[in-house]
Every structure is written in structure tokens, then in C-alpha cells.
Amino acid sequence: MLERYHFRQTDADRLRCLGAILERLAEPVMYFAPCSDAAEWKEGTQLAVLVSLGEKVDALQNEYVAKDHLTEGYMIECIGMELLQTAYAKSAEILWKQSGLWMGGFEFLGDKYPLEWTEDIFNLFQPEDIAYNKAYMMTPKKSVVFLTTLHRERRQSYCHVCESCSNLQCPNRQKQASHMNYGYQRIFGKP
């Protein structure tokens, strides 16, 4: 995390402390359902998935920011992103226990599918603890909607969501390309 989010080694203890607090505060929830009226789940079934860390993560971050502790507020943001990625992996395990099949990956709304599908997915789940606005930004902030297709084979890792994201301008995506030669860096949008 230090390198990925541009922290110094001297920040490590604060990150660990805030991480321990967030692990206790987070109240992860997951909603999932087939996108069609499939009677049985089988390989190739597409699911809509909604994952959230809950509102206590936002509350802690807002508390630090209100006291002008902006570094800690940013740390909470970064740790929350890491916890959300861990929740993706956990959601794969939950789906496997439910269906005997594995998630094939992540297809985030706004990439391959329109953001407006958020409305349909929320109508499907009707979550009381998660909402979205006219721009389809969700609250709590550490909430995400994605589609996945069920497969028999387990992916090697579910924590590397950057690999399937189409946002080539993302700093995390560009960081992955920094070890590549000039040609590959240009492909990934890094001059």
C-alpha cells in the first residue's frame, strides 16, 4: 500500500492502526441475483452483484476530515479500496458455496454496460442500506455494482480488478505499466 498510494515508510504504523479499526467497523454486505429469469444456475449464467463495506467506513473518514486530519482521511480512503477488493474475493467464495460455480471476472457498469443499469439492479435488490444519486454515485462510498458470469474454473486471483478495467488513465493502471518498455507504456496511456 505504501508504494501504490504514495505513502512514506513512516506512515506504515498509522496505516496499520487505521486498517485494524476499519476491519472492525466495516459491515460488508453482498447482494447477487441472475440477470435473467434463469431457473437454475449453470456455467454461463450472468449475475448482477452489489457489494458494500457499509456506512461506518464513510462515517470514520468524515470524522477525520472534519477535524482537518486530511492525511488520515486519505488513508481511510485507500484502506477502504483495499478492503473492497478483498470483498470481491469473498463474494466469489460466497457464490461458489451457493452455486458450485466461480465468478469469471468483473464487468463494471460504465465500462461494457451503461451506468443506467444501476437503476435496474437496485430495483432487483432493493437494498435499504445502499443508495445512488442521479449521477449513479453510490452511498456508502465504498459500494460497487458489477456483472459477472459463472464458470466452473476458479480464477487465480480476484483481487487484481485493474486487469479487467477499461480506464487506461487510472493511476493504478498506469502504475502497473511503469515497468514495461516504452511501447507498452504508450498502449496503456502513459507518456
Side-chain angles (χ1 to χ4, degrees), residues 1 4 22-23 26-55 57 78-133 135-177 179-180 184 187-189:
M1 272 192 67
R4 181 180 215 179
L22 285 176
E23 284 181 351
E27 297 174 328
V29 295
M30 175 189 172
Y31 298 88
F32 57 93
C35 294
S36 65
D37 295 330
E40 75 176 76
W41 293 15
K42 58 186 179 190
E43 187 169 20
T45 299
Q46 189 175 46
L47 301 180
V49 182
L50 173 58
V51 177
S52 178
L53 296 182
E55 61 187 27
V57 174
C78 298
I79 295 165
M81 291 299 297
E82 296 296 313
L83 289 175
L84 194 56
Q85 286 188 13
T86 300
Y88 298 156
K90 295 289 183 192
S91 64
E93 292 172 15
I94 291 169
L95 288 173
W96 181 80
K97 288 177 184 174
Q98 176 81 21
S99 68
L101 298 166
W102 293 99
M103 288 191 331
F106 308 96
E107 297 173 12
F108 297 98
L109 301 186
D111 288 342
K112 185 176 176 182
Y113 301 104
L115 283 173
E116 292 79 12
W117 284 18
T118 302
E119 192 172 335
D120 296 326
I121 292 171
F122 269 73
N123 286 336
L124 178 66
F125 298 135
Q126 299 182 353
E128 294 180 14
D129 46 354
I130 307 168
Y132 65 93
N133 64 20
Y136 304 105
M137 296 296 295
M138 287 183 267
T139 54
K141 290 186 288 185
K142 294 297 174 266
S143 302
V144 66
V145 172
F146 61 89
L147 301 178
T148 191
T149 303
L150 296 177
H151 292 278
R152 293 189 193 287
E153 300 294 321
R154 181 179 188 169
R155 286 185 63 173
Q156 193 170 23
S157 174
Y158 289 100
C159 294
H160 300 289
V161 295
C162 293
E163 294 168 4
S164 61
C165 177
S166 66
N167 182 3
L168 301 180
Q169 301 306 314
C170 175
N172 289 329
R173 187 74 179 264
Q174 290 178 358
K175 178 69 176 160
Q176 288 180 339
H179 70 282
M180 298 177 182
Y184 284 117
I187 290 170
F188 285 102

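Count residues from 1 along the sequence. Nothing here was measured: the structure is a model prediction, and the numbers come from that model.
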Measuring from [X]:[atom1] to [Y]:[atom2], what's the distance to the nearest 0.5 Å?
X: His151; Y: Leu101; atom1: NE2; atom2: CG; answer: 9.5 Å
X: Trp117; Y: Tyr136; atom1: CH2; atom2: OH; answer: 13.0 Å
X: Thr86; Y: Leu53; atom1: OG1; atom2: CG; answer: 9.0 Å
X: Glu119; Y: Asn123; atom1: CD; atom2: CG; answer: 6.0 Å

Heavy-atom side-chain proximity of [X] to [Y] below 4.5 angstrom:
X: Tyr113; Y: Leu147; value: yes
X: Glu27; Y: Asp129; value: no
X: Val29; Y: Ile130; value: yes
X: Leu47; Y: Trp41; value: yes
X: Glu153; Y: Glu43; value: no
X: Ser91; Y: Met103; value: yes
X: Met138; Y: Val145; value: yes
X: Ile79; Y: Val57; value: no

Measure up the Phe106 and Phe146 rings against each other and bin them: parallel (under 30°), tilted (30 to 60°), perpendicular (over 60°). perpendicular
Which heavy atom of [X] sits nearest to which heavy atom of [Y], and what is that distance?
X: Pro127; Y: Leu50; result: CG-CD2, 3.8 Å
X: Leu150; Y: Ser99; result: CD1-OG, 4.2 Å
X: Ala48; Y: Cys35; result: N-SG, 3.6 Å
X: Val51; Y: Ala87; result: CG1-CB, 3.7 Å

Is there a donor-acceptor pair closer than 3.5 Å between any side-chain N or O of Thr148 and the backbone N or O of Gly104? yes
Closer than 3.5 angstrom, by distance alone: can the side chain of Thr139 be matched with the main-chain N or O of Lys141 as a donor-acceptor pair? no
Before you tell me yes or no, could you show the steps for Leu109 and Ile121 under side chain to side chain contact (heavy atoms under 4.5 Å, CB included), namely the whole-Å CA-CA distance, both residues' side-chain angles and the distance that decides it to 0.1 Å? CA-CA 11 Å; Leu109 301 186; Ile121 292 171; 3.9 Å; yes
Is Glu55 atom CD crowded by more than 12 heavy atoms from other residues, nucleotides or ligands, each under 6.0 Å away? no
Would you say CE of Met30 has more than 12 non-hydrogen atoms from neighbouring residues, nucleotides or ligands within 6.0 angstrom? yes
